[in-house]
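Please read the structure below before turning to the comments.
Because the structure is a prediction, the values reported are computed rather than measured. Naming convention: chains lettered A, B, ... in sequence-line order (proteins, then strands); numbering from 1 in each chain.
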Protein chains: 2
Amino acid sequence: MVALSVSLKKSVTLFHALSDETRLALLEQLIEGEQCVCELTDAMKATQSRLSFHLKVLKDAGFIRDRREGRWMYYSIDPDAVEELETVVNTLKLVAKSAVSANRCC
Amino acid sequence: MVALSVSLKKSVTLFHALSDETRLALLEQLIEGEQCVCELTDAMKATQSRLSFHLKVLKDAGFIRDRREGRWMYYSIDPDAVEELETVVNTLKLVAKSAVSANRCC
DNA sequence: TTGACTAATCAAGTTTTGTTGATATATACA
DNA sequence: TGTATATATCAACAAAACTTGATTAGTCAA
């Protein structure tokens with residue numbers, strides 16, 4: 001069987017991190033550049049603990065990095081995870097193209 | 001603000017469909033080509049109703065198509081949704097690359 | 001018709017995710 | 001020190017997703 005380039009579990013983690021509107025909005029917001037939590041809560045009109053939760057999911061998946069500076073925590077997009085995601089999707093794409101021949105069964 | 005190429009909600013649907021191990025395994029299985037549910041349940045050692053559930057999620061997101069032939073339902077990968085996914089990921093990638101300049105805040 | 005077979009759907013229960021408000025931790029500054 | 005500020009974490013609850021077993025719907029063949 002052809003396999004996805006990255007392990008299933010890792011792929012699930014990547015996709016799960018992106019399967020939430022708040023988290024995608026966070027990434028969109030971070031396109032503007034590195035920002036601290038206070039700016040993010042401001043921009044997104046979300047409570048601090050809610051964002052903290054979602055930031056953790058994105059960070060655990062590798063999509064963002066954090067950096068402390070004094071009392072502030074700065075978050076930014078980490079291109080590596082996006083790269084990894086791209087790899088998975090590219091495999092999926094190749095696969096989709098080749099998966100046209102029908103097998104009868106039953 | 002820069003925006004993702006596809007609406008947030010649509011992106012969430014796409015990513016959510018891929019954020020489950022069973023569903024990714026289903027797609028991997030479908031790489032082999034069009035298959036009926038009975039072959040899929042066989043190959044994946046999963047119950048019929050469970051697969052039916054996951055097939056529906058994948059179908060609703062657009063990743064697979066179905067086709068009835070007699071009593072059998074044949075499923076196959078639909079390259080269009082994968083294409084759409086690729087678009088989203090490409091945007092994310094471009095964005096990740098450009099999102100390096102830091103903004104101070106607070 | 002009826003019976004057998006394939007797959008979808010449904011209802012009930014379980015598990016996972018997300019939200020909220022409160023508390024803890026870390027840093028800075030007076 | 002003590003106090004204020006920024007953020008993480010936790011516990012309790014709510015909501016969404018998944019699983020299971022049973023039922024239903026569609027198709028075929030006798």
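Note: B/R65 CZ to B/L30 CG = 11.0 Å, rounded to the nearest 0.5 Å. A distance of 12.5 Å separates SG of B/C36 from CG of B/D66, quoted to the nearest 0.5 Å. Summarising the geometry, atom CD belonging to B/Q35 is positioned 10.5 Å from atom OG1 belonging to B/T41; distances are rounded to the nearest 0.5 Å. Atoms NE2 and OG1, from B/H54 and B/T22 in turn, are 4.0 Å apart once rounded to the nearest 0.5 Å. Rounded to the nearest 0.5 Å, atoms CD (A/E28) and CG (B/L92) are 9.5 Å apart. Going from atom CZ of A/F63 over to atom CG of A/L24 covers 9.5 Å, rounded to the nearest 0.5 Å.
Between A/R67 and A/E69 there is a salt bridge, since at least one side-chain N of the basic residue sits less than 4.0 Å from a carboxylate O of the acidic one. Note on B/E84 versus B/K10: salt bridge recorded, some NZ/NE/NH1/NH2 to OD/OE distance being below 4.0 Å.
For residues 47-57 of chain B, proximity to DNA chain D is found at B/S49, B/R50, B/F53, B/H54, defined as any non-hydrogen atom under 4.0 angstrom from a strand atom.
Straight-line distance from the CZ atom of B/F15 to the P atom of D/dA17: 16 Å, rounded to whole Å. Protein atom CD of B/E39 is 13 Å distant from nucleotide atom P of C/dT6, rounded to whole Å. Whole-Å rounding puts the A/D66 CG to D/dT7 P distance at 11 Å. Rounded to an integer number of Å, the gap from CG of B/L18 to C1' of D/dA17 is 15 Å. The nearest whole Å value for the distance from the NZ atom in A/K59 to the P atom in D/dT7 is 14 Å. In this structure, CG of B/D60 is placed 14 Å from C1' of D/dA17, rounded to the nearest angstrom. To the nearest angstrom, C1' of D/dT20 lies 20 Å from NZ of B/K45. As a whole-Å value, the separation of B/M73 CE from D/dA25 P is 16 Å.
When all heavy atoms of B/G62 and B/D78 are compared, the closest pair comes out as O-CB, 3.4 Å.
Comparing the end axes of the helix from C/dT1-D/dA30 to C/dA30-D/dT1, each fitted to five base pairs by superposing C1' atoms of four pairs onto the next four, gives an inter-axis angle of 10° (nearest 10 degrees).
The salt bridge (charged side-chain N to carboxylate O under 4.0 Å, His left out) search around A/D42 returns none, not counting sequence neighbours. Legend: residues meeting side chain to side chain contact (heavy atoms under 4.5 Å, CB included) with B/N90, ordered by chain and number and at least two apart, are A/E86, B/E86.
Here B/Y75 reaches the OP1 or OP2 of C/dA8: one of its side-chain N or O atoms lies under 4.0 Å away.
Contact of the B/V37 side chain with the B/W72 side chain is not registered, since no non-hydrogen atoms from C-beta on lie closer than 4.5 Å. A/H16 places a side-chain heavy atom less than 4.5 Å from the side chain of A/R23.
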Where protein sits on nucleotides 11-16 of chain C, one letter per nucleotide: B base, S sugar-phosphate only, - none, heavy atoms under 4.0 Å: ------
Annotated protein contacts, base or backbone, on nucleotides 24-30 of chain C with a non-hydrogen cut-off under 4.0 Å, one of B, S, - each: ---BSS-
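Here C/dT17 is the nucleotide among D/dT7, C/dT17, C/dA8 with the atom lying nearest to any side-chain atom of A/H16.
With hydrophobic clusters built from ILVMFWY side chains whose heavy atoms lie under 4.5 angstrom apart, A/L14 shares a cluster with B/L8.
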